[in-house]
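Whatever order the structure lists ligands and atoms in, that order sets their numbers, starting from 1.
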Amino acid sequence: MSTATGNRALQLEEKLIFEQNSPGMTAVDLPNPAELTNVESRLGDAARKDPIGLPGLSEPQVVRHYLRLSQKNFAIDGGLYPLGSCTMKHNPRLNEKMARLPGLADIHPLQPKATVQGAYELIDMTAHWLKILTGMPAIAMSPAAGAHGELCGLMTIRAALEARGDARVRVLVPESAHGTNPASAHMCGYKVEAIPATEQGRVDLAALKDKLGDDVAAIMVTNPNTCGLFENEIIEMTQAVHECGGLVYCDGANFNAIVGRVRPGDLGIDAMHLNLHKTFSTPHGGGGPGAGPVVLSEALAAYAPLPYVVHGKDGFELVEQAEDAGDNKPYGRMKGFHGQFGVMVRALAYMLSMGSDGLRQASSDAVLNANYLMAKLSDILTASYDGPCMHEVLFDDRFLKDTDVTTLDFAKAMIDEGFHPMTMYFPLVVHGALLMEPTETEGKATLDEFVGVIRALAKKAQTGKADDFKAAPIYTPRRRLDETMAARNPVLTWSPDQAAAAE
Ligand SMILES: *Cc1c(COP(=O)(O)O)cnc(C)c1O
């Protein structure tokens, strides 16, 4: 049903900000520059001659525009966000309060070192606890995201191998890996080779051993992996790689499943990034900011990138130049300054407020919740691998066979029921993947409601209601968008001519 306005109850249809333009309208009252006769322009030819092209708007118009847009967004603060591989958990408000303290939020990386001793101490303390939780001796704090951490880890591995005169060319990556893994290895100049998965959804150890050789720089393994399974032959894997002189990179994006239970350092891992915005509770989505510190083994510690904090004789110091690095041989730096400091503040607030018992409880509850979904849904959906799972549960589209409903249609129907869809079509090792990660912060009532919806939709699909699924979503401000077209031909600018042509 359509309304005269296009609005749906109190959800208002929102025009582009340029379409709301009232020329000359402004939210500020500045003196007219023409009246400032004693000011001589120093811009010369660079002075703008045409209007700047920004829309004229009042302050209430601007506020309403962005508020309405934000209301069209789904967020973890609004409801269950079971996006597998993303660890969309609740972010305690305490962390936000800490990150906004003026002494932490308003400092500048170029301030004199004596005035930011507390900030160095905070980086050092965060580094300390991350090393304790992972059982690793060293850490690079500056990478800005998981993928950036992967690149950092591989560059560290490359530096260590080159230092021993053993530049190698291949990096092995399991089939189920996140796309950033092969991309990072490729960016670092390596030739990427895929390792197949077993019927049980884990790395095929025999196939891995076959591919090993003295030209393999590293393997990149995700543990728990993207099928939500613990790689239970990880120690055999790391031993085999080390015997060949290679190093082991672990994608630690799924660390939320094992915090306080498994220390990657005990498994033979040489480098692993931590997504502070996943495991250590920083709000994420929409592109950041995140942080991807990389923990390093003894073999790699000396090659960690600049800058890093050390305990000097007059307090904390920041090593920023290779010539100040003593016996270390940093390969360079990943970032202009010290990394995403605000995200480190949140991670430290989270770790200290949870305590070691709380962190262990969180990972246990995350695993329990995923297994609860598996137990409640396995008779009606098709679980890809036998349980139990870790922090996320993987289903494939066999339960939709002969229904004419696809994983995508199913996900769109979930939106009409008020649930953000799970991750779809990833990992690629199963057909039509549905990857659900409930996280530890969801209670039983929410999970039961979710289970009820999924079961009802699955039954509906299996009883021949495909047309309903093809039409979904019907209650959203926009329905099915042509996402391929949007990705291939994005329209990122607005002009009055375009708008006129579209009408
Ligand atoms: C999220 C994720 C990454 C990438 O991390 P970003 O912080 O998004 O760059 C890599 N691997 C896995 C398994 C992930 O889930």
Verdict with supporting geometry, Glu231 and Arg202, salt bridge (charged side-chain N to carboxylate O under 4.0 Å, His left out): CA-CA 6 Å; Glu231 291 287 356; Arg202 294 178 171 87; 5.2 Å; no

Trace of the side chain to side chain donor-acceptor pair (under 3.5 Å) decision for Asp448 with Tyr372: CA-CA 9 Å; Asp448 283 339; Tyr372 184 71; 2.5 Å; yes

Working for salt bridge (charged side-chain N to carboxylate O under 4.0 Å, His left out), residues Glu193 and Lys211: CA-CA 9 Å; Glu193 262 177 46; Lys211 286 183 178 290; 3.7 Å; yes

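Aromatic ring pairs are classed by plane angle as parallel below 30°, tilted from 30° to 60° and perpendicular above 60°; the pair Phe280 and Tyr350 is perpendicular. Ring pair Phe410/Phe399 is perpendicular by interplanar angle, where above 60° counts as perpendicular and below 30° as parallel.
Of the N and O atoms on the side chains of Ser364 and Arg261, at least one donor lies less than 3.5 Å from an acceptor on the other residue.
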Give me the pairs of N or O atoms, one from ligand 1 and one from the protein, that sit under 3.5 Å apart.
residue, atom, partner, partner atom, Å
ligand 1, 5 (O), Asn275, ND2, 3.0
ligand 1, 7 (O), Gly146, N, 2.8
ligand 1, 7 (O), Asn275, ND2, 3.1
ligand 1, 7 (O), His277, NE2, 2.7
ligand 1, 9 (O), Gly146, N, 3.3
ligand 1, 9 (O), Ala147, N, 2.8
ligand 1, 11 (N), Asp251, OD1, 3.4
ligand 1, 11 (N), Asp251, OD2, 2.5
ligand 1, 15 (O), Ser85, O, 2.7
ligand 1, 15 (O), Ser85, OG, 2.9
ligand 1, 15 (O), Lys278, NZ, 2.7

